Each structure stands twice: as structure tokens, then as C-alpha cells.
Amino acid sequence: MNLQGGPINPNCHTKYSHFVYVYFKTCDIVTHRKNAVLEGLPLFLREDPKKLFKKCLDTDPEDEQTKGLSVGVLVVLEDGISVASSSANIQNIAIVLEETIVLEELSDISAGFAYLFGLLCALNLSYPKDLRYTFDAIQNVFMELGSGSLRNIHFAV
């Protein structure tokens, strides 16, 4: 029954399924664009994006997953699908500090990067030298915090 008490139109599902499909496709496009910008920023600034974003399989041991990633976003992909594949299913997105996962089960890469940036600021950690320009661009351009303004803030605990 519909809201007016009449029978449900069997064609209703097909009418609205197109809108739902377009909505989710649009959401995927926006997420894909955010991820492409974040993953491409280090390339644009002539830094290595593999030092910030690491992709691995869900069957890899945790110490192998975080090996070599001092500060960054870890993307864990479903096993059986190539890591380089664009259609890989993401199982987990985690934040890594000093080769240790400190936060996991995040919604997407852009949220993960925002958490990473927040943790670096809250813990008063310096940016990795290899990614100095990437973090400066995020701080000054995207977050509009200005140069050096973050280091002058004293966080109350």
C-alpha cells in the first residue's frame, strides 16, 4: 500500500531506481574526484605519493601493511583483486603514525587524510620532510590556516 492507501504501482521501483542509481553514481564520482586530488597533490608538488598513501591486501600481515609508512593513509583492499585495479573493493581505510595503525574503519580517503592532518596538529608532530610541500599546501590552501599559524596554537589538554 502507498501513503494514500492505494496499491503500490509495480512500475514505481523502476521509475525511482534510476534516480537512486544516478545519486550513488554521482556520489562515487565526487568521492573519486576527492581521492584523485588528494593522491595527485604529492605528484603535482614533485613528492612521492607512496610515502603518504599505501595500498595493500587484506590478507597481508599488519606489520607488512604498515612497513615503511611513517605517516600516512593505509588503504586495505580485498584479496584476489589486483592492487592496481580501479575496481578493487576497499575493506578498510586506516591512519598510520610511526608504522602503527592508530585509527581505522574510516569512511573514505579524504576523511582519512583529514583525520591524519588533525592528529598531526593535535599531537604537535612535524610534517614528514619528504612530504613537506604536500602538507604545507593542505594547511595553507585547503584548510586556510596560514603559514606557521598552526604551530603557534597551544592545545589545552
Side-chain angles (χ1 to χ4, degrees), residues 13 16-147 149-151 153 155-157:
H13 180 333
Y16 295 114
S17 65
H18 173 71
F19 293 113
V20 172
Y21 172 75
V22 169
Y23 171 76
F24 284 115
K25 187 176 178 183
T26 304
C27 288
D28 287 340
I29 288 172
V30 171
T31 302
H32 178 72
R33 287 179 180 169
K34 285 181 191 177
N35 295 345
V37 166
L38 284 174
E39 291 179 19
L41 184 62
L43 281 174
F44 181 74
L45 297 171
R46 301 188 195 288
E47 295 176 334
D48 187 8
K50 292 179 182 177
K51 294 184 179 179
L52 182 59
F53 299 102
K54 184 173 182 181
K55 294 181 181 181
C56 63
L57 299 175
D58 58 353
T59 55
D60 295 341
E62 186 175 319
D63 59 337
E64 276 294 315
Q65 291 176 351
T66 60
K67 186 177 180 181
L69 190 63
S70 62
V71 171
V73 178
L74 178 69
V75 179
V76 181
L77 304 173
E78 181 181 359
D79 194 12
I81 299 175
S82 171
V83 176
S85 172
S86 61
S87 64
N89 292 332
I90 296 176
Q91 296 296 316
N92 188 11
I93 297 174
I95 302 301
V96 177
L97 292 176
E98 297 177 2
E99 294 188 1
T100 303
I101 295 176
V102 294
L103 193 60
E104 58 185 334
E105 300 296 331
L106 301 173
S107 58
D108 59 8
I109 293 174
S110 58
F113 191 82
Y115 278 114
L116 174 65
F117 190 82
L119 281 171
L120 289 174
C121 296
L123 298 173
N124 201 19
L125 297 173
S126 60
Y127 301 144
K129 291 180 182 179
D130 298 341
L131 298 165
R132 177 182 67 202
Y133 299 119
T134 299
F135 280 102
D136 283 343
I138 294 293
Q139 177 183 337
N140 296 324
V141 177
F142 296 112
M143 302 286 187
E144 296 180 0
L145 294 172
S147 62
S149 64
L150 211 68
R151 300 298 171 206
I153 297 173
F155 296 98
V157 179

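Basis for what follows: all heavy atoms, side chains included, without hydrogens, waters or symmetry-related copies. Everything numeric here is computed off the predicted structure, so don't read it as measured data.
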Closest approach of Pro42 to Asp48 (non-hydrogen atoms, all atoms of both residues): CB-C, 4.3 Å

CG/Leu120 to CD1/Ile138 distance, rounded to the nearest 0.5 angstrom? 11.5 Å

Is there a side-chain contact between Phe44 and Val37 in this structure, where contact means two heavy atoms from C-beta onward sitting under 4.5 Å apart? no

Over all heavy atoms of both residues, which pair between Ala94 and Ile101 is shortest? Give the atoms and the distance, please. CB-CG2, 3.8 Å

Going from OG on Ser70 to CG on Asp130, what distance comes out if it is rounded to the nearest 0.5 angstrom? 7.5 Å

To the nearest 0.5 Å, atom CD of Glu64 lies from atom CG of Leu57 at 11.5 Å

Does any part of the side chain of Leu131, heavy atoms only, come nearer than 4.5 Å to the side chain of Val71, both counted from C-beta? no

Which atom pair, heavy atoms only, marks the closest approach of Tyr127 to Asp136? CE1-OD1, 3.6 Å

Between Thr66 and Lys54 the two heavy atoms that sit nearest each other are C-NZ, 4.3 Å

Atom pair CD/NZ of Glu47 and Lys129 - distance to nearest 0.5 Å: 13.5 Å

For Asn92 and Glu104, test the side chains for any donor-to-acceptor distance below 3.5 angstrom and give the result as yes or no. yes

Stepwise side-chain contact (heavy atoms from CB on, under 4.5 Å) test for Val96 and Val102: CA-CA 6 Å; Val96 177; Val102 294; over 6 Å; no

Quick one: side chain to side chain contact (heavy atoms under 4.5 Å, CB included) partners of Leu103, sequence neighbours excluded? Ile95, Leu106, Tyr115

Using ring centroids (six-membered ring only for Trp), state whether Phe135 and Phe113 fall under 6.0 Å. yes

Kindly indicate whether the side chain of Lys34, heavy atoms from C-beta on, has any atom under 4.5 Å from the side chain of Val30. yes

Below 4.5 Å, heavy atoms only, C-beta onward: do Glu39 and Ile109 meet side chain to side chain? yes

Side chain proximity check, Phe53 to Val75, heavy atoms < 4.5 angstrom: no

Looking only at non-hydrogen atoms, find the nearest pair between Glu105 and Gln91 and report the distance. OE1-O, 4.4 Å

Are any of the side-chain heavy atoms of Gln65 and Leu74 separated by less than 4.5 Å? yes

dist Leu38:CG -> Arg33:CZ (nearest 0.5 Å) comes out at 14.5 Å

Would you mind reporting whether Leu77 and Asn89 have side-chain heavy atoms less than 4.5 Å apart? no

For Asp63, is there any backbone N or O sitting under 3.5 Å from a side-chain donor or acceptor partner on Glu99? no

Closest heavy-atom pair and its distance - Ala137, Leu45: CB-CD1, 3.9 Å

Find the distance between CG (Leu41) and CG (Leu52) and round it off to the nearest 0.5 Å. 9.0 Å

